[in-house]
**Q** 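Have a look at this one.
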Amino acid sequence: MGRKRGFDETTVLDVVRDRFWTTGFDGTFTYDLMDATGLGKGSIYKAFGNKHSLYVRVFSDYCQNLVAQAREELREGPHAVLTSPMARLERYVVSLADAFATESPRRGCFLTRATADRAGEDDMVAGTARRAFEDLAGALASAIRDAQDASFIYRTQSLPRSVPS
């Protein structure tokens, strides 16, 4: 049986994500990750693989959490946070704007940054970003359809049920 890790994986991944988010993939070196996490190079590589594997992991986790949060905030039904589809849409958009406007340092959205920085040269990042954008578009389209059905939004034309690839 292997030795138990002497660190909290979630905490380390959060620190690594924040470092990549702030300085980007190319601006982050293994030594930066060692400094930020307090882990040695061998521990990082043994636990998470190389720098690219670690980047893809934290980016994928971020995208999954972002989509899950959007779906949760925009969903309808008995477990909806707000009953009005228009109120759900408004609260979601305002919460995004507020989150990105009040953070310090202002880094913007990690999904957007990673897409701009890496998707053109990294198929794994491009695929993860594409799925996240498609899933977010689907959640928003569903919420907009709900608002149209409830006559909160005038329907000029029907939104597609899925986002074309």
Side-chain angles (χ1 to χ4, degrees), residues 8-28 36 47-49 51-165:
D8 179 61
E9 184 173 301
T10 301
T11 301
V12 168
L13 291 172
D14 287 347
V15 168
V16 167
R17 180 205 57 227
D18 289 345
R19 178 61 69 146
F20 280 131
W21 191 346
T22 301
T23 58
F25 181 81
D26 291 332
T28 303
F48 304 108
K51 177 180 144 181
H52 180 260
S53 297
L54 190 51
Y55 184 84
V56 169
R57 168 127 183 233
V58 297
F59 178 60
S60 178
D61 289 351
Y62 175 86
C63 290
Q64 289 173 11
N65 290 335
L66 185 68
V67 169
Q69 179 184 359
R71 285 180 175 151
E72 177 67 22
E73 290 186 30
L74 294 170
R75 91 173 153 175
E76 65 174 333
H79 300 292
V81 177
L82 297 170
T83 56
S84 163
M86 197 64 195
R88 289 192 306 270
L89 275 166
E90 181 179 353
R91 191 191 67 196
Y92 176 68
V93 171
V94 169
S95 72
L96 285 178
D98 185 54
F100 295 128
T102 59
E103 70 179 351
S104 180
R106 291 194 177 158
R107 302 175 297 183
C109 174
F110 188 35
L111 169 57
T112 303
R113 179 180 182 130
T115 301
D117 287 349
R118 303 284 311 152
E121 61 194 68
D122 188 324
D123 290 340
M124 293 179 85
V125 170
T128 299
R130 184 178 311 105
R131 282 187 299 280
F133 281 120
E134 288 171 354
D135 291 346
L136 288 169
L140 285 164
S142 178
I144 291 168
R145 277 192 301 278
D146 292 344
Q148 288 174 329
D149 292 345
S151 299
F152 286 107
I153 297 175
Y154 179 69
R155 188 185 311 259
T156 57
Q157 66 179 13
S158 182
L159 290 170
R161 290 287 168 196
S162 64
V163 179
S165 301

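Nothing fancy with the numbering, it's 1 onward along the sequence.
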**Q** Determine the minimum heavy-atom distance between Ala36 and Val15, stating which atoms define it.
**A** O-CG1, 3.4 Å
**Q** Please give me the minimum heavy-atom distance between Val125 and Ala114, naming the atom from each residue.
**A** CG1-O, 3.8 Å
**Q** If you apply the rule side-chain contact (heavy atoms from CB on, under 4.5 Å), what do you find for Asp146 with Arg88, and how did you get there?
**A** CA-CA 10 Å; Asp146 292 344; Arg88 289 192 306 270; 3.7 Å; yes
**Q** Using the test salt bridge (charged side-chain N to carboxylate O under 4.0 Å, His left out), find all partners of Asp123 that sit at least two apart in sequence or belong to another chain.
**A** none
**Q** What distance do Cys109 atom SG and Phe100 atom CZ have between them, rounded to the nearest 0.5 Å?
**A** 4.0 Å
**Q** Any chance you could lay out the side-chain contact (heavy atoms from CB on, under 4.5 Å) test for Asp135 and Arg71, step after step, and finish with the verdict?
**A** CA-CA 9 Å; Asp135 291 346; Arg71 285 180 175 151; 3.5 Å; yes
**Q** How far does CG of Leu111 sit from OG1 of Thr128, to the nearest 0.5 angstrom?
**A** 9.5 Å
**Q** Considering all heavy atoms of both residues, which atom of Ala143 and which atom of Pro85 are nearest to each other, and what is their separation?
**A** O-CB, 4.2 Å
**Q** How far apart are the closest heavy atoms of Ser95 and Glu73, and which atoms are they?
**A** OG-OE1, 3.5 Å
**Q** Decide side-chain contact (heavy atoms from CB on, under 4.5 Å) for Val56 and His52; before the verdict, give the C-alpha distance in whole Å, the side-chain angles of both, and the deciding distance to 0.1 Å.
**A** CA-CA 6 Å; Val56 169; His52 180 260; 3.5 Å; yes
**Q** Quick one about Thr23 and Thr28 (side-chain donor to acceptor, distance below 3.5 Å, no hydrogens or angles considered), yes or no?
**A** yes
**Q** Once rounded to the nearest 0.5 Å, what's the spacing between atom CZ of Phe20 and atom CZ of Arg118?
**A** 9.5 Å
**Q** Given Asp61 and Arg17, is the side-chain contact (heavy atoms from CB on, under 4.5 Å) satisfied, shown in steps?
**A** CA-CA 9 Å; Asp61 289 351; Arg17 180 205 57 227; over 6 Å; no
**Q** From Arg145 CZ over to Leu140 CG, what is the distance, rounded to the nearest 0.5 angstrom?
**A** 10.5 Å
**Q** To the nearest 0.5 Å, what is the distance between CG on Leu74 and CD on Gln69?
**A** 9.5 Å
**Q** Is any side-chain heavy atom of Asp117 less than 4.5 Å from a side-chain heavy atom of Phe25?
**A** no
**Q** First locate atom CZ of Arg130, then atom SG of Cys63, and finally report the distance between them rounded to the nearest 0.5 Å.
**A** 12.0 Å
**Q** Parallel under 30°, tilted from 30 to 60°, perpendicular over 60°: which one fits the rings of Phe110 and Trp21?
**A** parallel
